[in-house]
Amino acid sequence: MYLLLAAHSHGAALQQVTQAGDPHPDRPEPRLISASELPGVVRHLETRPREAAPRWIWHRTQDWYPALLAAGVEVERCYDLSLCGTILAYSEFTAHTEYAQQAEKAPLDDPQEPPRALQPPPPPADQGALFEDVRHRSPRHTLSELRAEYAAQQAALADADPLENKRKRLQLLLAAESAGAMIAAEMQHAGVPWREDLHEQILADYLGPRPQPGHRPAKLEALNNELRNLLNSPALNPDSPQDLMRALHRNGIEVKSTRQWELMESSHPAIEPLLAYKKLSRLHSANGWAWLDAWVSDGRFRPEYVVGGVVSGRWASRGGGALQIPRQIRGAVHAGPGHKLIVADASQLEPRVLVALAQDSKMAAAARDKDLYAGIAAQGFGGDRAKAKTALLGAIYGATTGESGRLMPQLARTYPHAVGFVEQAAREGEAGGTVTTRLGRSSPPPSQSWFRSQQSATAEEQRRAESIARSRGRFTRNFVVQGSAADWAACWLAELRRRLRALRADGSVQAELVFFLHDEVMVHAPEAGVAACIRAIEDAAAAAKELLFGPIPVEFPVSVAVVDSYDNAK
DNA sequence: ACACGAAGCGCG
DNA sequence: AAAGCGCGCTTCGTGT
């Protein structure tokens, strides 16, 4: 059952449509629903059996779902027109379709609209705010406009290249992306379990008692005084790179930057307290008391996840640095009473994805090992695991210099298929072409200025052009691997969501997904439900592999830790 | 006063 | 150790 939902001046407009996007012959008339009625209507429709559950088609999940969740209503599935439209507009699988060619001229999301980050923060999600919010943001998307957009997207999908399952893969990507949008809203709603008392204890241990606003914590102040003495610079501000650089030079410390790794080359007595200062200063400014006040409430950290925020398909986030929770403070992430945190990550996901993409049977044999790098080390690097890891990551990132660059020929001799695959992606990018992930997400084409830069006259311009081209080659080289890993992770997440919903529905386990980070998930579960959740996580990983690649002999193992506190997960 | 880029560092 | 990829955030410092 496909239901279009559009904002309407007196509430929401709801219309049943066919899968192709035509008004449904049995019930073609739109239905108007007021703001206060909507959660009840949605809840009622969601009580149908899973096979008959509606697929909600809406412009942006972010505009509708948070308020529904706040009203206590979850939905089984949706179709996010904005996210799917972006994929279809750029995918090589649909490049020949009218949709892709029109999308360039009239994108669904007006490029004139300022990025969401520049808009005022949304009002607190409550039922009253639902319509004001939606109507305010997308006044021009009426029911019929959205229906036309949906029909156009379905037509493009139907017209996608059917060879090698490309159409099915793309359809899977659209479903996974839409599921991701729901999961993002649900995780924001749930929040990461966060013990403020433990966080404050960590801050006190590292920094001393909470300072007055605008003052340095005691330990930072002490280190600052020590630095001023050691560097004979009574007014030094170590937070200013320029100021710091001058002070270092005055003391004969000849560094070109004030980065950690460069400072560590020096043995001057001021270096140790300086590095300590930088470490603690970072903790204070990025995840200190101000962060705690701003982002944690009622025992939960609630960041906003931005699905489709990275061109490769990875998620981005907004607010609180959700994807950069430093190890130092992970002890504050703590399960509630009677609960556990289940932290699972896909081991060495990107190299394994490369093996599957390139169908490199020799590397697949190495990947049969639980530790892929150890397997590769045994095959081609005399058992030296560190070397094997450096070489393989260098191939994925496009390293040319240093140890990683030197190891490339050795890696290429041992694994011509895998290395050839990423080399091909790099050459495509250098030539101005696009590359595509396993499920059909394509890299953006180069800008006009990129092509202009390639038409160079002087030798100097030519050198610059080659450097720019190589840089784009590294991007496309990495894109196919990072993006296909994101495809896998999106399917893993969607499959896990479905299994956790089933466990919740039959009343056996009230577990919730609370965090996702590229190749890692966190589930907060009652102790009695831990085993069932672990099975769900592992089954979902196996399902994701099968969905992307079919029955190929490449393993995607997940490592699972059951802990009270996130800092014990690795 | 405010905007914006660079530097630096956190995460995968 | 960083290097080679992808991000977000804070602080400076400069330009308007």
Side-chain angles (χ1 to χ4, degrees), chain A residues 114-115 117-118 216 237-246 255-265 274-275 277-288 290-291 294-295 303-330 345-351 353-354 386-387 389-408 411 422-423 425-426 429 435 437 443-444 470-486 489 515-521 566 570:
Chain A
L118 301 180
R216 284 196 178 94
N237 173 14
D239 295 321
S240 162
Q242 292 183 13
D243 195 9
L244 181 58
M245 183 99 85
R246 280 190 294 267
V255 285
K256 294 202 297 295
S257 76
T258 62
R259 292 196 186 93
Q260 274 176 30
W261 64 268
E262 197 175 344
L263 293 172
M264 277 186 306
E265 312 274 291
L274 175 55
L275 292 174
Y277 179 94
K278 280 173 159 282
K279 197 84 186 160
L280 294 183
S281 170
R282 166 86 195 180
L283 173 63
H284 177 236
S285 66
N287 295 100
W291 182 92
W295 296 107
E304 183 181 355
Y305 299 92
V306 186
V307 177
V310 183
V311 284
S312 66
R314 276 187 172 183
W315 294 11
S317 70
R318 194 152 45 220
L323 308 185
Q324 308 140 252
I325 300 171
R327 292 217 134 72
Q328 281 170 312
I329 60 160
R330 290 188 179 186
D345 82 85
S347 317
Q348 305 152 342
L349 177 59
E350 292 195 357
V353 164
L354 172 58
K387 253 190 189 175
K389 180 175 179 179
T390 300
L392 191 49
L393 291 178
I396 294 173
Y397 294 149
T400 52
T401 62
E403 191 191 359
S404 184
R406 281 194 297 279
L407 291 169
M408 280 296 285
L411 190 75
V422 286
E423 288 293 333
V435 294
T437 68
S443 62
R470 278 195 302 277
S471 168
R472 188 156 191 284
R474 288 193 299 275
F475 167 67
T476 52
R477 170 198 294 268
N478 186 249
F479 182 96
V480 287
V481 180
Q482 185 186 108
S484 298
F515 191 57
F516 169 59
L517 179 57
H518 308 319
D519 61 356
E520 175 180 330
V521 297
Y566 191 20
K570 270 185 194 164

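Both backbone and side-chain heavy atoms feed into the values below; hydrogens, waters and symmetry mates do not.
- A:Ile325 comes within 4.0 angstrom of sugar-phosphate atoms only, judged by non-hydrogen atoms across all strands, and of no base.
- Proximity of A:Lys278 to the phosphate of B:dC9: a side-chain N or O atom is located under 4.0 Å from OP1 or OP2.
- Pairing for B:dC2 goes to C:dG15, judged as Watson-Crick or G-U wobble with the two contacts each under 3.5 Å.
- Rounded to whole Å, the distance from CG on A:Asp239 to P on C:dC9 is 20 Å.
- At whole-Å resolution of the value, CD in A:Glu265 and P in C:dA1 are 10 Å apart.
- For C:dG8, its base sits under 3.5 Å from the side chain of A:Gln324 at one donor and acceptor pair at least.
- As a whole-Å value, the separation of A:Leu280 CG from C:dT11 P is 15 Å.
- Contact annotation for A:Gly309: no contact, since no heavy-atom pair falls under 4.0 Å across all strands.
- A:Thr390 and A:Glu403 share no donor-acceptor pair across their side chains, judged by distance under 3.5 Å alone.
- At least one side-chain nitrogen or oxygen of A:Gln260 sits closer than 4.0 Å to the OP1 or OP2 atom of B:dG10.
- Distances from the side chain of A:Gln242 to the nucleotides C:dT14, C:dC5, B:dC11 place C:dT14 closest.
- A donor-acceptor contact under 3.5 Å is not formed by the side chain of A:Arg477 with the base of C:dG4.
- Distance, A:Glu262 CD to C:dA3 C1': 15 Å, rounded to whole Å.
- The shortest non-hydrogen separation linking A:Leu411 to A:Ala395 is CD2-CB, 3.7 Å.
- Rounded to whole Å, atom C1' of C:dA2 lies 17 Å from atom NZ of A:Lys387.
- In this model, the phosphate group of B:dG12 is approached by a side-chain N or O of A:Lys570 to a distance below 4.0 Å at OP1 or OP2.
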Apply salt bridge (Lys or Arg N to Asp or Glu O under 4.0 Å) to residues A:Arg314 and A:Glu350 and explain how you reach the verdict. CA-CA 13 Å; A:Arg314 276 187 172 183; A:Glu350 292 195 357; 3.4 Å; yes
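- Heavy atoms of A:Gly320 sit under 4.0 angstrom from primed sugar atoms or phosphate atoms, though from no base atom.
- In this model, no side-chain donor or acceptor of A:Arg474 finds a partner on the base of C:dC5 within 3.5 Å.
- Between A:Leu517 atom CG and C:dG6 atom C1' there is a gap of 12 Å when expressed in whole angstrom units.
- A:Trp261 has its CH2 atom 14 Å from the C1' atom of C:dG4, to the nearest Å.
- A:Phe475 comes within 4.0 angstrom of sugar-phosphate atoms only, judged by non-hydrogen atoms across all strands, and of no base.
- Base pairing of C:dG8: its partner is B:dC9, meeting the Watson-Crick or G-U wobble criterion (both donor-acceptor distances under 3.5 Å).
- Atom CG of A:Leu275 sits about 10.5 Å away from atom OG1 of A:Thr258, to the nearest 0.5 Å.
- Here the P atom of nucleotide C:dG6 and the CG atom of A:Asp519 are 17 Å apart, to the nearest Å.
- Side chain of A:Asn478, nearest nucleotide from B:dA7, C:dG4, C:dG6: C:dG6.
- Here A:Arg282 lies in heavy-atom contact (under 4.0 Å) with a base.
- Using a 4.5 Å cut-off on side-chain heavy atoms (C-beta onward), A:Thr400 and A:Arg474 make no contact.
- Taking 4.0 angstrom as the limit, A:Thr401 places a side-chain polar atom (N or O) nearer than this to OP1 or OP2 of C:dG4.
- If you check every strand for non-hydrogen atoms under 4.0 Å, A:Glu403 touches a base.
- Residues A:Gly429 and A:Thr476 approach most closely at CA-OG1, 3.2 Å, considering heavy atoms.
- Within 4.0 Å of A:Arg330, counting heavy atoms only, lie sugar-phosphate atoms of the nucleic acid but no base atom.
- Between B:dG10, C:dC7, B:dG8, one nucleotide has an atom nearer to the side chain of A:Ser257 than all others, and that is B:dG8.
- Between A:Arg472 and A:Ser443, the closest heavy-atom pair is NH2-OG, 4.4 Å.
- For A:Ala316, whose side chain is taken as the heavy atoms from C-beta onward, the closest listed nucleotide among C:dA3, C:dT10, C:dG8 is C:dG8.
- Side-chain N/O atoms of A:Arg327 include none lying less than 4.0 angstrom from OP1 or OP2 on B:dC9.
- When the side-chain nitrogen and oxygen atoms of A:Thr258 are compared with OP1 and OP2 of B:dG8, one or more of them lie within a distance under 4.0 Å.
- For the pair A:Trp291 and A:Gly398, nearest-nucleotide mapping onto DNA chain C gives the more 5' position to A:Gly398.
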